[in-house]
Amino acid sequence: MLLHLLVYAGAVVPLLVEGACDMVTTREVSVDDATTVTQMVGDLLTELEASDGQAELDAQLVAELLPMKERVHGFLAFAEERAVGLIMRTESASLFARGTYGIITELYVVPDQRSSGVAMGLIEAAVAVGTAKGWGQLEIGAPKQPVWSRSPNSALYLKAGFAEMGRGSSCRYTTQLARSPGLSLRRDRD
């Protein structure tokens, strides 16, 4: 079992993830994490072969986006002091989702920590926050490439409760979240 500690809004929430035996701590991304977020997203883009030096240019953009807490959220996973995973998500609203929903925009785990439960812990953290925020669903897009699926029966997103939707050069996965009873779709801003 992987003991995954989630630090969100000042509270520590333990998340147990099957399939691993190390302790990973997950905490919200802050503006101070801009360099780490930029590096991890750059590594992700490089693996996707979508990067042509773009990561260096994005450092300023990351620094500008991270303070937008109402729209851009993220978690970093740490094994000891080392950042080993990142999940970034944003909030949107639509009629088809019947209100607000979340979109995972980036999910990255360093190569030596893959298949250890880190990604599942990050997804569970995103689901927990989405449920608390009253999102109707959570979506993620992924490239449709054999290299991203070790085995069709054990695809990460399907294991996490997502269902594949759509066709084309990329896949979209969605999972329904439980809305809190009596939760209004309207939110008062501070």
Side-chain angles (χ1 to χ4, degrees), residues 4-13 15 24-48 50-51 53-78 83-110 118-143 156-157 160 162 170-177 179-180 183-190:
H4 204 102
L5 297 176
L6 167 64
V7 180
Y8 176 67
V12 177
V13 180
L15 302 172
V24 173
T25 302
T26 300
R27 67 165 172 77
E28 287 184 274
V29 169
S30 74
V31 176
D32 296 334
D33 297 315
T35 301
T36 303
V37 171
T38 301
Q39 179 64 49
M40 290 187 129
V41 172
D43 291 347
L44 171 65
L45 293 174
T46 298
E47 285 189 31
L48 292 172
S51 178
Q54 184 178 0
E56 291 177 29
L57 301 174
D58 289 346
Q60 182 60 39
L61 177 61
V62 170
E64 291 171 9
L65 288 176
L66 290 180
M68 300 171 68
K69 289 281 190 189
E70 287 298 315
R71 297 179 65 192
V72 178
H73 316 96
F75 286 104
L76 280 167
F78 291 88
V84 296
L86 168 75
I87 192 166
M88 295 299 296
R89 64 214 187 287
T90 188
E91 183 174 280
S92 191
S94 73
L95 296 173
F96 78 84
R98 297 181 183 221
T100 57
Y101 68 102
I103 303 168
I104 296 173
T105 55
E106 289 90 17
L107 174 60
Y108 180 75
V109 175
V110 297
V118 172
M120 189 65 74
L122 288 165
I123 290 170
E124 288 181 1
V127 167
V129 171
T131 300
K133 288 178 152 289
W135 293 345
Q137 65 187 44
L138 184 61
E139 291 186 1
I140 188 166
L156 172 66
Y157 306 130
F162 287 73
S170 65
C171 291
R172 282 183 37 211
Y173 297 88
T174 186
T175 188
Q176 299 300 310
L177 302 180
R179 290 192 193 273
S180 300
L183 181 71
S184 169
L185 296 179
R186 186 173 173 217
R187 294 202 190 126
D188 294 326
R189 303 275 182 206
D190 293 286

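Please read all numbers here as calculations on a predicted model, not as lab measurements.
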First locate atom [atom1] of [X], then atom [atom2] of [Y], and finally report the distance between them rounded to the nearest 0.5 Å.
X	Y	atom1	atom2	value
E106	T90	CD	OG1	10.0 Å
T36	L76	OG1	CG	6.5 Å
R27	F78	CZ	CZ	4.0 Å
T46	Q39	OG1	CD	8.5 Å
H73	M68	NE2	CE	10.5 Å

*Between M88 and L66, does a side chain to side chain contact (heavy atoms under 4.5 Å, CB included) hold up when you go through it step by step?*
CA-CA 10 Å; M88 295 299 296; L66 290 180; 3.7 Å; yes
Which atoms form the tightest heavy-atom contact between [X] and [Y], and what is the distance?
X	Y	answer
G134	T100	O-OG1, 3.8 Å
V118	V24	CG2-CG2, 4.1 Å
Q137	Y101	O-CB, 3.2 Å
I123	A160	CG2-CB, 4.0 Å
L122	I87	O-CD1, 3.7 Å
F75	A126	CE1-N, 4.5 Å

*State, with a plain yes or no, whether a side-chain heavy atom of V129 is found less than 4.5 Å away from one of E28.*
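Not in contact.
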*Find out whether V62 and V41 are in side-chain contact, i.e. whether some heavy atom of one side chain is under 4.5 Å from a heavy atom of the other.*
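In short, these two side chains do not touch, never coming nearer than 4.5 Å.
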_Can you list everything that forms a side-chain contact (heavy atoms from CB on, under 4.5 Å) with T35? Sequence neighbours excluded, please._
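Listed in chain order: nothing, the list is empty.
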*State which residues pass side-chain contact (heavy atoms from CB on, under 4.5 Å) with V110; sequence neighbours excluded, sorted by chain then number.*
M40, R82, V84, Y108, D112, Q113
*Check step by step if side chain to side chain contact (heavy atoms under 4.5 Å, CB included) holds for L86 and V29.*
CA-CA 9 Å; L86 168 75; V29 169; 4.0 Å; yes
